Amino acid sequence: MSIQITFPDGAVKQFDGPVTGLTIADDISSGLRRNAVAIEVNGEMWDLTRDIDTDATVSIITRDSEEGLEVLRHDAAHVMAEAVKELYPETQVTIGPSIENGFYYDFAREEAFTPDDLEAIEARMREIVKRNETIEREVWDRDEAIAYFKRLGEIYKAEIIADLPADETITVYRQGDFLDLCRGPHLPSTGILRDGFKLTKLAGAYWRGDSNNAQLQRIYGTAWSDKKALKAYLRRMEEAEKRDHRKLGKAMDLFHLQDEAPGSVFWHPKGWAVYQAVQQYMAAKQYEHGYQEIKTPQVVDISLWEKSGHASKFGDDMFTLTNDDRMYAIKPMNCPCHVQVFNQGLKSYRDLPLRLAEFGSCHRNEMSGSLHGIMRVRSFVQDDAHIFCTEEQIQSEVKSFIDFLHEVYADFGFDEVIYKLSTRPEQRVGSDEVWDRAEQALEQALNDNGIEWELQPGEGAFYGPKIEFSLKDCIGRVWQCGTMQVDFSMPERLEAEYVAEDGSKRVPVMLHRAILGSIERFLGILIEQHAGALPAWLAPQQVMVATIVTDANDYAVEVAKALRSAGLRAEVDLRNEKIGYKVREHSLQKIPAILCIGKREAEEGTVAVRRFGSKAQTVMPLEDFIEQFCTEVDEKQLFDAQAD
RNA sequence: GCCUGCAUAGCUCAGUAGGUAGAGCAACUGACUUGUAAUCAGUAGGUCGUUGGUUCGAUUCCGACUGCAGGCUCCA
């Protein structure tokens, strides 16, 4: 029997009888065989050692490709599980997938793993790699598999098998004495994993991600095609840590957090300057896009939250206070208050869409474990707005919102945005036809903007579908910033209505939307994105005037005054220090422009300009500098060179 | 909230195998009048997160609490 193998480039080759990926790779080149980790057979990932016994289109997966790395990482997880079982036989294994940059495995064990254990496990992993154990795929009978794992005391594994769809083939991979349920594919042997892996951290994780279940111990690791790639990754992480907003926030004296106010930010003068710059920018942008800014109360009677449904839904997450036998809540969100503003006076269809915006200060009693710097806090300000409109207006409103959002993100220097569309959950309000229309409107708006987006079926809110807009931080964590949610429920609950063309009263649709999300979080991301070196229009201090000799003090003060009159955030440094010292300090503070003032400048009415990220100095008349720098600020220019 | 770890001077960190602690930078004082990433000398600065316990004695060992870090869960 002859087998016909088709390659990605269309080439075809005949083999006599069944053939394995290993043979095919070897047949092409020994280099390919060395780097092969799996084979794609008719679009399915297969082990290299599995016989291909029908004609097939194949593609060899190499260790440095995205798919190849996934195989390596998955194998690393298995090798780790084997190492753990050898060292701590009483441990139960559960699941261990490959993830971005690495892998993890969840273990059930009475005793907690220690950081020392991690080292021991890693050492044992290297041994297993050295042993180069053959990895074999076996197809098992379901009941037999369940019985086998139960016998071993691996109740979690047995549970997983029992829950697999009935038509799924149960495959088990064997390496040495270790057996694990797995769909595969895997490497032909453990030696192929080589040494590009490292265990990184220990964490708790709930069985099946549900906090009602038992808590397991998760060990995270990272794995790469070789040691060099691993080192490069570790170095990247180190670099990323340097731009952590918490570190930079302290080093640049932007803000602080302290025990007495967990999850609430103390903004320092410089941090507040950036905060203000961002907020004022947004205010102007919103006005330009047809929004009207409002301000609503911080403390509102609990009855409104009961009516809106937040009291039951948010519950413990709300801060409440009681005064004169009356119970209030500090607002966790702004929407019900915005409806109150809408409800004042009679609204006509002619008033729609009505866009109400607020820099709403919200408080949520988040679980202590979820707080993170200024990115995840208990007290934050949303660039919140609610658009009251008709169903027909949803699509155009969403489309123009996306355009608005892109303008804003681009001004801040973000070009990579992650889009997710969340559709109807099982529990919901509103008819299917209304959901159909709303989901289509969102989808259409995304497509109209030529956006690649991800669908999250069933992830929508009970009151309507939504789009989430996320940005990545410096170590690749994704933070949701923007949001666009359709709401069919709240306007009705809170009795919002307008008079339609035919004189009847109708309930408007409400769109909840934010671009920055929370100003606190956005600033955190912004600081990391720019490694603290904020572009001129956002920098807390835009210009520093530094004197070289005390004789230049009067002129320096004059220069600073002129800069401030031009609307710039300028400070003057008259300290009795050498200019080298001043330049160093202000460069570390990442101030966009340092103006050095000596005797010459004072006499000539010039300034010696030193821009951040450059060692060059340019002497120019003060007026020229002001004009040039103001243009840069007005145009919101971003730095060309990304400074470290 | 749960799991693991951490908490020492304003900052970054060292240290004490249980006998109340040290460096660099910053601060303060003085000298120096300086030309583009650290001028020199001196001074001062700490209930070693809070709180119980063990001990003759705890910053160090054990427990609780608070906060922080990384995860889980949740989410702007």
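Chain naming here is simple, since letters A, B, ... match the order of the sequence lines and numbering starts at 1 in each. Values in this document were obtained by computation on a predicted structure and should not be read as measured data.
- For the pair A:Lys201 and A:Tyr220, the distance from NZ or CZ to the six-membered ring centre is under 6.0 Å and the angle to the ring normal is within 45 degrees.
- The base of B:rA76 is not paired with the side chain of A:Arg513 by any donor and acceptor separated by under 3.5 Å.
- Listed pair A:Gln480 / B:rA76 meets the phosphate criterion, a side-chain N or O lying under 4.0 Å from OP1 or OP2.
- Contacts of A:Glu260 with the nucleic acid, taken as non-hydrogen atoms under 4.0 Å apart, are absent.
- The residues A:Lys599 and A:Glu604 are annotated as not salt-bridged, no charged nitrogen and carboxylate oxygen being separated by less than 4.0 angstrom.
- Pairing for B:rG5 goes to B:rC68, judged as Watson-Crick or G-U wobble with the two contacts each under 3.5 Å.
- Contacts of A:Ala514 with the nucleic acid, taken as non-hydrogen atoms under 4.0 Å apart, are absent.
- Looking at heavy-atom distances under 4.0 Å, A:Lys201 makes contact with sugar-phosphate atoms alone, never a base.
- Annotation: B:rA58 and B:rU51 have their C1' atoms spaced 13 Å apart (nearest Å).
- Atoms NE2 (A:His386) and P (B:rA76) sit 12 Å apart, rounded to a whole Å.
- The nucleotide whose nearest atom lies closest to any side-chain atom of A:Ala203 is, among B:rU39, B:rG71, B:rU36, B:rG71.
- The partner of B:rU59 cannot be assigned: no Watson-Crick or G-U wobble pair with both contacts below 3.5 Å exists in any strand.
- Distance, A:Arg600 CZ to B:rU33 P: 19 Å, rounded to whole Å.
- Among the heavy atoms of the strands lying under 4.0 Å from A:Gln617 is at least one base atom, whether or not backbone atoms are also near.
- Contact between the side-chain N/O atoms of A:Tyr206 and the OP1/OP2 oxygens of B:rG71 is not found at any separation under 4.0 Å.
- Between the P atom of B:rG70 and the CG atom of A:Asn101 lies a distance of 16 Å, rounded to the nearest Å.
- Using a 4.0 Å cut-off, some side-chain N or O of A:Arg246 falls inside it from OP1 or OP2 of B:rA69.
- When both pairing distances are held under 3.5 Å, B:rC28 makes a Watson-Crick or G-U pair with B:rG42.
- Using the six-membered ring where Trp is involved, A:Trp479 and A:His372 have ring planes that are tilted, between 30° and 60° apart.
- Contact check, A:Arg610 against B:rA37: a side-chain N or O comes under 4.0 Å of OP1 or OP2.
- Listed in residue order, the members of residues 356-381 of chain A having a heavy atom less than 4.0 Å from RNA chain B are A:Arg364, A:Glu366, A:Met367, A:Ser368, A:Gly369, A:Ser370, A:Leu371, A:His372, A:Gly373, A:Arg376, A:Val377, A:Phe380.
- For A:Lys250 and B:rU12, the shortest distance from a side-chain N or O to OP1 or OP2 is below 4.0 Å.
- Under the 6.0 Å distance and 45° angle rule, A:Arg428 does not count as a cation-pi partner of A:Phe462.
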Checklist entry - Would A:Glu241 and A:Arg236 satisfy salt bridge (charged side-chain N to carboxylate O under 4.0 Å, His left out), going step by step from the backbone distance to the final call? => result CA-CA 9 Å; A:Glu241 256 173 53; A:Arg236 273 207 308 284; over 6 Å; no

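- Regarding A:Asp210, its CG atom lies at a distance of 15 Å from the P atom of B:rC72, rounded to whole Å.
- Rounded to a whole Å, the CZ atom of A:Phe266 is 12 Å from the P atom of B:rC68.
- Considering only the side chain of A:Arg584, B:rA38 comes nearest among B:rA38, B:rC72, B:rC68.
- Two residues, A:Ile594 and A:Gly482, neighbour RNA chain B, and the one matched to the more 5' nucleotide by heavy-atom proximity is A:Ile594.
- In this structure, CD of A:Glu111 is placed 16 Å from P of B:rC3, rounded to the nearest angstrom.
- No engagement by A:Ala546 is indicated, since no non-hydrogen atom pair under 4.0 Å with the nucleic acid exists.
- Ring orientation note: the planes of A:Phe314 and A:His310 are tilted relative to one another, at an angle of 30° to 60°.
- One can place OH of A:Tyr104 at 15 Å from C1' of B:rG70, the figure rounded to the nearest angstrom.
- Relative orientation of the A:Tyr275 and A:Trp267 rings is perpendicular, given thresholds of 30° and 60° on the angle between their planes.
- In this structure, A:Ser211 reaches the sugar-phosphate backbone alone: every heavy-atom distance under 4.0 Å involves primed, P, OP1 or OP2 atoms, never a base.
- When distances are taken from the side chain of A:Tyr220 to each of B:rU36, B:rC72, B:rA76, the shortest belongs to B:rC72.
- On a pure distance criterion of 3.5 Å, a polar donor-acceptor pair joins the side chain of A:Glu601 and the base of B:rG35.
- Across all strands, A:Gly204 comes closer than 4.0 Å to base atoms (heavy-atom distances).
- Using cut-offs of 30° and 60° for the angle between ring planes, the A:His512 and A:Tyr463 rings count as tilted.
- Both tests hold for A:Arg109 against A:Phe113: distance to the six-membered ring centre under 6.0 Å, angle to the ring axis within 45°.
- Of all heavy-atom pairs between A:Asp487 and A:Met490, the closest is OD1-N, 3.0 Å.
- Between the C1' atom of B:rC3 and the CG atom of A:Asn213 lies a distance of 15 Å, rounded to the nearest Å.
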Item to check | Contact letters for nucleotides 24-30 of chain B, in which S counts primed atoms plus P, OP1 and OP2 and B counts the base, heavy atoms under 4.0 Å | outcome: --S----

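- Taking for each of A:Val549 and A:Leu202 the nucleotide of RNA chain B with the nearest heavy atom, the 5'-most of the two is the partner of A:Val549.
- Ion pairing of A:Asp317 with A:Arg364 is absent here, as no side-chain N (NZ or NE/NH1/NH2) approaches a carboxylate O to less than 4.0 Å.
- Salt-bridge annotation for A:Arg208 and A:Asp163: present, with a side-chain N of the basic residue lying under 4.0 Å from a carboxylate O of the acidic one.
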